[in-house]
Amino acid sequence: MEARLAPAADARFGDYQTNAAMLLAKKLGKNPRVFAAELMAAFDGTGLVLEPEMAGPGFINFRLRPEALTARLEGLLADEKLGAARPQGMAARRLVIDFSGPNVAKAMHVGHIRSTILGDAVARIARWVGHVVVTDNHIGDWGTQFGMLLVAWKESLDREALAADPLAEMERLYKEMTARCAADPVVREAAKAELVKLQAGDVENLGIWKEMIRLSQTQFQAIYGRLGIEFDHMLGESFYNPWLGETVDALAAAGIARESEGALCVFSDRTGPEKDDPFLVSRDGQWHDNPSLVRKADGGFNYTTTDLATLVYRQREFTPDQIVYVTDGRQQLHFRQLFAIFRRWYPEAGVQLSHVWFGAILGDDGRPFKTRSGETVKLADLLDEAEERAFALVTEKNPGLPESERRDIARIIGLGAVKYADLLPNRQSDYIFSWDKMLSFQGNTAPYLQYSYVRARSIFRKLEGEIPSLQGPFVLTDPAERALLLQLSRFAEEVPRVLEDFRPNLLSNYLFETATSFHSFFEACPVLRSEGEAKITRLALCELTSRVIQQGLGLLGINVPEKM
RNA sequence: GCACCCGUAGCUCAGUGGAUAGAGCAGCGGAUUUCUAAUCCGCCGGUCGCAGGUUCGAAUCCUGCCGGGUGCGCCA
C-alpha cells in the first residue's frame, strides 16, 4: 500500500488528489480526517496550488493555480523532453531488452509481432526517459531443426524456388521433413547425423547453414526496415555455442545440475514452498520433480542451456541492472526455472531479471489468429494488407491527393494501426485482431490520434503571414483550454509510469485522452478567429498538443503524417 | 491433477487498495455558410462469474467454487 499523489478521480475534486493522510493515519492510529487537517495546515503550496481541500474519508485535493499552469505551458514548450526526462538526482539504469527472436529458415509471422512491437516500444521509452538501453535480438539460428533442414536441402532443394522466394522454399523443406521424420525413423537418424556433423564443424554443413542464415537475415531486415526497428545486437543462439559445454560443466561442478535418466537436470533445492517451486509439479496429490534439462540424454543442449549461457554473457558484457525478456506467456515456467537456476548459480548477482510476457492474438472466432485456410499469418502479408486497406481508406477520404502521397500516408496509417492495436490492450490480455477496429477513424485507434496531430498542425499552415513566436503571457479563458493544458502536462507523469511494469498501454490510453481533450478544446475555442494573448495561447496549445502526440506515438514506434 | 492467466455494459476492452466502476463501437437524439464532420455534445446501457473473508474503504488482496484459455523431461 503506497501513498500516492494522483490525478483526481473526478474533475470536480480538483486536479490532483492524495490518499497519504488516510494511509499515514492508519499507521499512526489517528483519525484520518483529523490527521488530514493537520497535514493541510502544515502544507505549503504557495505559488503552485490553491488552498487544498479535504473530502470524503480523508482525501486531500489540490487545484493548480492558473499562473502555475501557464508557467508550465511555457516550460513544456521550451523542453524537448516535454517534462519526461529522468530527474537529475535519479541514476540511469542499464537495461538489456531481449525481444522479437525470429527463427532462421522460417518466415516471420504474427507470433513475432507482439514481442517485436512491445519490446521496441519499451526500449524507446526507456531511452527517452534517460536510461541506458541495449537491445538484443536473440535469433533462433541453431538447434535440432537444422539437422532436418540439412537433409532436405541436400536431397530436394529447388534452386529456382529458392532464388524466387527463399523463405517459402525453406519452409517447404522444413514441412516436408517434419512429415518424413514423423513417418520414418531412418530419416530421423539422418537428420540427427547431419546435426552432429554441423555441430562438429563440418565444412559443407556449415556452408549451407550460413547460407540459410544469410537468406533469412535479408528477410528480417526487410521487415524491421518497414517497422522502423533497429537492434544494437543480433546475437543468435549459435553465438553462444562455444560456451554451452562449460556452462553445463559449471552447473554440474557447482552441484546445481545432476544426471537423471541420462540427461543432466536441475532439480528443486527444496528451499521454498512447493507451490511456488518451478521445479515441482503436483500429480495425484503428490509433489513430483519437474526438472529443467540442461543437457539431453543424447548429449545435445537445449534452449535452457543456451539461455543460461546468454544470461552469463550479458551479465559480463553489458553489466546491466536489469534484463528484460519479452515473450509470450506460455514461457513463464521456462523463465521461472531459468531465473531460479541463475540465482543459485550466481547468488551474489544483483541483476534484476524480468519476464515481460504477453497474451495471444486471436481471430474473431476466439481461436488463435490464422488465415482463412488455417495457415499462420505471415508478417510481411499482414503489413501489406494493412497498407492496402489504409490506402483504400485514404483514397476514399481524400481522393484529390496524388497517388504517391496517398501511398506514403497509407504506409504510416497502416503500420501505425497494427502497432497501436497491439499496444492498446493490457499486454497480458489476449486480444482479438480486427482490421475494421484498428483502421477506424473513430475511437481509440492510431488513425484517430494521427488525425488529431494533423489537425493541430494544419492550423499553422493556415496562419497568414509570419508565424508568431509562442511567447507568453498566456491566458486561459475557457475551461477546455485549462483541461487540455492539464492533460498535456501529465505526459511527464505517464511516460515513466510505463516502465514500472512495462505497460505501454498506459501511454496509449494517455494519448487517446489527450486527443479527445484536444478535439473538445478545438471545437470550443476558435484559434484563427481569436486575437491577442488568447490566440497566442491557443496556438501554443496546438503546438504542444502536436508535439505530445507526435512524441508519444513516436515512443510507441508510430509515425504521424502531415496530411491525411 | 497441479501451476499461470482470464471472466467488468449487447460487442471489444481500460481500470492490479480509494470517492458515484470508465472508454470505444453498436443504438437513440442533437451540432456543420467547417480551423479537414476523419469531429464534437448529450442519452441509453453494469449483481465487476458465484460465495465467503481481510479493512475506514475491494473489480483490485485472501480462501473456496463455477466457466474459459495456456503450460507441465529431453521443441523453443
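Bear in mind the structure is a predicted one, so any value in this text is a computation, not a measurement. The basis for the numbers below is simple: all heavy atoms, side chains too, and nothing from hydrogens, waters or symmetry mates. In the text below, chain A, chain B and the rest are named by the order of the sequence lines, each starting its count at 1.
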Is any N or O donor-acceptor pair between the side chain of [X] and the base of [N] shorter than 3.5 Å?
X	N	result
Arg12(A)	U20(B)	yes
Glu237(A)	A76(B)	no
Tyr451(A)	A38(B)	no

**Report entry** Atom pair distance, as rounded to whole Å: CZ in Arg188(A) and P in C75(B)
**Finding:**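 Between P of C75(B) and CZ of Arg188(A): 12 Å.
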
Measuring only the [atom1] atom in each nucleotide, how far is [N] from [M]? A whole number of Å is fine.
N	M	atom1	value
U12(B)	C50(B)	C1'	24 Å
C75(B)	G17(B)	P	41 Å
G46(B)	G22(B)	C1'	11 Å
G29(B)	G52(B)	C1'	45 Å
A21(B)	U33(B)	C1'	43 Å
G49(B)	G42(B)	C1'	33 Å
U60(B)	G15(B)	C1'	9 Å
U47(B)	C2(B)	C1'	32 Å

With a 4.0 Å cut-off on heavy atoms, is [X] in touch with a base, just the backbone sugar-phosphate, or nothing at all?
X	result
Phe512(A)	sugar-phosphate
Gln331(A)	base
Asp276(A)	nothing
Arg529(A)	base
Leu293(A)	base
Cys525(A)	base
Asn61(A)	base
Tyr431(A)	sugar-phosphate

Contact string for nucleotides 63-71 of chain B, one letter per nucleotide 5' to 3', B = base within protein heavy-atom range under 4.0 Å, S = sugar-phosphate only, - = neither, reads -------SS

Once base and sugar-phosphate atoms are separated, protein heavy atoms under 4.0 Å mark nucleotides 5-11 of chain B, 5' to 3', with B, S and - as S------

*Any ring-ring contact (aromatic ring centres under 6.0 Å, His included) pairs touching residues 271-300 of chain A, not counting sequence neighbours?*
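Checked against ring-ring contact (aromatic ring centres under 6.0 Å, His included) - neighbours excluded - no pair reaches residues 271-300 of chain A.
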
>> Holding to side-chain hydrogen bond (donor to acceptor under 3.5 Å, both in side chains), I want the full list of residues that pass it with Ser508(A), two or more places apart in sequence or in another chain.
In response: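 Checked Ser508(A) against side-chain hydrogen bond (donor to acceptor under 3.5 Å, both in side chains); zero matches.
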
Nearest-nucleotide comparison on RNA chain B, the residue closer to the 5′ end among Ser440(A) and Phe301(A):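 It is Ser440(A), whose closest nucleotide lies nearer the 5' terminus.
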
### Message
Here's a test of your reading of the structure: between Pro32(A) and Pro57(A), which maps to the more 5' nucleotide of RNA chain B?
### Response
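By nearest-heavy-atom nucleotide position, the 5'-most residue is Pro57(A).
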
Pairs in or reaching into [range]: which pass salt bridge (charged side-chain N to carboxylate O under 4.0 Å, His left out), with residues at least two apart or in two chains?
range	result
residues 441-460 of chain A	Arg457(A)-Glu543(A)
residues 510-521 of chain A	none
residues 514-538 of chain A	Glu481(A)-Arg538(A)
residues 438-448 of chain A	none

*Just checking, Lys106(A) and Tyr174(A): is the charged tip under 6.0 Å from the six-membered ring centre and within 45° of the axis?*
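Here Lys106(A) passes the 6.0 Å and 45° test against Tyr174(A).
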
Practice prompt. Kindly confirm or rule out a cation-pi arrangement of Arg407(A) over Phe391(A), judged by NZ or CZ under 6.0 Å from the six-membered ring centre and within 45° of its axis?
Written response: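 Arg407(A) over Phe391(A) ring: yes.
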
Taking only the side-chain heavy atoms of [X] (C-beta and beyond), determine which of [options] contains the nearest atom.
X	options	result
Ala55(A)	U36(B), A19(B), C2(B)	A19(B)
Thr144(A)	A23(B), C40(B), C75(B)	C75(B)
Asn509(A)	A14(B), C41(B), G1(B)	A14(B)
Met22(A)	C75(B), G18(B), U36(B)	G18(B)
Asn426(A)	A14(B), G18(B), G24(B)	A14(B)

Enumerate the side chain to side chain donor-acceptor pair (under 3.5 Å) contacts for residues 139-148 of chain A, please, sequence neighbours excluded, ordered by first and then second residue.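 For residues 139-148 of chain A: Asp141(A)-Ser238(A), Trp142(A)-Asn241(A).
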
Dot-bracket for RNA chain B, 5' to 3', Watson-Crick and G-U pairs with both distances under 3.5 Å, [ ] for crossing pairs, | for partner on another strand, reads (((((((..((((....[...)))).(((((.......))))).....(((((..]....))))))))))))....

Item to check | Side-chain (Arg427(A)) to main-chain (Phe502(A)) donor-acceptor, under 3.5 angstrom | outcome: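 At least one qualifying donor-acceptor pair exists.
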
- Query: Do Phe99(A) and His138(A) have ring centroids that are under 6.0 Å from one another?
  - Reply: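 Distance test on ring centres: not under 6.0 Å, no.
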
Checklist line | Asp307(A): salt bridge (Lys or Arg N to Asp or Glu O under 4.0 Å) partners, not counting sequence neighbours | finding: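 For Asp307(A) there are no salt bridge (Lys or Arg N to Asp or Glu O under 4.0 Å) partners, ignoring immediate neighbours.
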
Using a 4.0 Å cut-off on heavy atoms, which residues in residues 258-270 of chain A reach RNA chain B? List them by number, or say none.
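Within residues 258-270 of chain A, the residues near RNA chain B are Ser260(A), Glu261(A), Ala263(A), Cys265(A).
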
